[in-house]
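Reviewing the structure listed below.
Proteins get letters first, then strands, A, B, ... in listed order; numbering begins at 1 in each.
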Amino acid sequence: MPELPEVEIARRNLVRWFDGRRLVRADADDTRVFRGAERGHFALLHGRLESLVRRGKYLLFAFEEGRGLLGHLGMTGKFVRRSEGDVVPYSRARFHLDNGQVLHFADARMFGRMEPTPSAGLRSLDVVKALGRDPLADGLTSGQLEQAVASSKQDLKIALMDQARIAGLGNIHAAEALFRAGLHPARKPSTLTPDDWKRLVQAIRASIDFGLEEQQGEEPVYLEDGGSENPFLVYGRGGGPCSKCASPVESFTQAGRTTYACPKCQPRGRTGK
DNA sequence: ACCGCTGTTCTCCG
DNA sequence: TCGGAGAACAGCGG
């Protein structure tokens, strides 16, 4: 699912679930979720969760005795809390707590990732070092946004999804932020005005805030989950009416990902409104 | 039943 | 160096 808001909610859930509890056993199945990482080291995790930091879509776990874990939810990864003995579909790894609860990392498609690493080294892992500013964890001004993104020659939406420029936006929230800012996804970053950058940084914040509210609660919420309505302003609304002006929302492909935009609210030309 | 789609990231080419 | 295509995988809707 997981873009910045969903990963942040996962982080908050885990912090709450671990609060005051001890990890008494960690076990994991032999799956590609561990990639090359030493799965045996996962089983050595134990004791208190001393800190859990999110950077972009990555989770950095620090347990006792300097044992750490890098986590990524991939496309379909999620953490769920169950009682001992409960069966969880696609459970790949489990934290057993001292209160009989079990925190499962469940991931059908296994694009997610678990990498046990000494906690002191988590931040110096290449994938973590490569991340740009995180709008929520680091804060983001319009100037910082411009500095990170304006130099890209790619389409604006692709640049926003580049984790090395800004960490945390994915296909949904990049589209949502651009809609909120009234900017067309195919705009070239170098053509944005200072006012565009200001609207865009506010739109990114608004999109993240909305995502955080949307995802509140115990269980992760997925787009197609429970047949619930599409909560997004433009994402997934191809062919349907724009939520602002009712003109038909267009969908097209950028760098292999589907993009949604309202041609009227997000003009391709110069500046947005 | 089959085809094409899906919220991510990495590797491999040109 | 950069950018696009394809791959990794499973489920779901049309």
CG (A:Asn171) and CD (A:Glu3) are apart, to the nearest 0.5 Å, by 7.0 Å
Name all pairs fulfilling the ring-ring contact (aromatic ring centres under 6.0 Å, His included) condition that reach into residues 24-60 of chain A, sequence neighbours left out, sorted by first residue then second. A:Phe34-A:Phe42, A:Phe42-A:Phe95, A:Tyr58-A:His72
With no hydrogens and no angle check, just 3.5 Å: does a side-chain donor-acceptor pair link A:Arg165 and A:Ser151? yes
Pairwise distance CD(A:Gln266) to CG(A:Leu156) - rounded to 0.5 angstrom: 10.0 Å
Starting at atom CG of A:Asp107, determine the distance to atom C1' of C:dA8, rounded to an integer number of angstrom. 11 Å
Within this structure, what is the CZ-to-C1' distance between A:Arg109 and C:dA10, rounded to whole angstrom? 7 Å
Check the distance between B:dT8's P and A:Lys78's NZ and give it to me in whole angstrom. 16 Å
Gap between atoms NE2 and P, on A:His173 and B:dT6 respectively (whole Å): 16 Å
Taking only the side-chain nitrogens and oxygens of A:Thr258, find out if one of them lies under 4.0 Å from OP1 or OP2 of B:dT6. yes
Test: salt bridge (Lys or Arg N to Asp or Glu O under 4.0 Å). Region: residues 149-160 of chain A. Which pairs qualify, not counting sequence neighbours? A:Asp155-A:Lys188
Mark yes or no for whether A:Gln154, through its side chain, and A:Ala159, through its backbone, hold a donor-acceptor pair below 3.5 Å. no
Residue among A:Arg22, A:Arg21, A:Arg25 satisfying salt bridge (Lys or Arg N to Asp or Glu O under 4.0 Å) with A:Asp98: A:Arg21
Among the nucleotides C:dA8, B:dT8, C:dA10, whichever has the atom closest to the side chain of A:Met75 is B:dT8
Determine the interatomic distance between P on B:dT9 and the same-named atom on C:dT1; round to the nearest Å. 23 Å
Polar atom pairs (N or O), protein with nucleotides 2-6 of chain C, under 3.5 Å:
from	atom 1	to	atom 2	distance (Å)
C:dG4	OP2	A:Gln154	NE2	3.2

Parallel, tilted or perpendicular: which one describes the rings of A:Phe63 and A:Phe18, with boundaries at 30° and 60°? perpendicular
With a cut-off of under 6.0 Å to the ring centre and 45° to the axis, is A:Arg180 in cation-pi contact with A:Phe210? yes
Using a distance-only test with no angle check, is there a side-chain donor-acceptor pair under 3.5 angstrom linking A:Arg257 and A:Thr253? no
Could you tell me the separation between the CG atom of A:Leu73 and the P atom of C:dA8, rounded to a whole number of Å? 22 Å
Collect all protein-nucleotide pairs involving nucleotides 9-11 of chain B in which both atoms are nitrogen or oxygen and the distance is under 3.5 Å.
from	atom 1	to	atom 2	distance (Å)
B:dT9	OP1	A:His72	NE2	2.7
B:dT9	OP2	A:Lys57	NZ	3.2
B:dC10	OP1	A:Tyr58	OH	3.4

In chain order, what residues pass the ring pair (Phe, Tyr, Trp, His ring centres under 6.0 Å) check against A:His184, with sequence neighbours excluded? A:Phe252
So what stems show up for DNA chain B if we need 3 or more Watson-Crick or G-U pairs in a row, all under 3.5 Å? B:2-6 with C:10-14, B:8-14 with C:2-8
What is the distance, to the nearest angstrom, from the CD atom on A:Gln254 to the P atom on B:dC5? 16 Å
To the nearest angstrom, how far is A:Ile172 atom CD1 from B:dC5 atom P? 17 Å
Taking atom P in both C:dC9 and B:dA1, what distance in whole Å separates the two? 24 Å
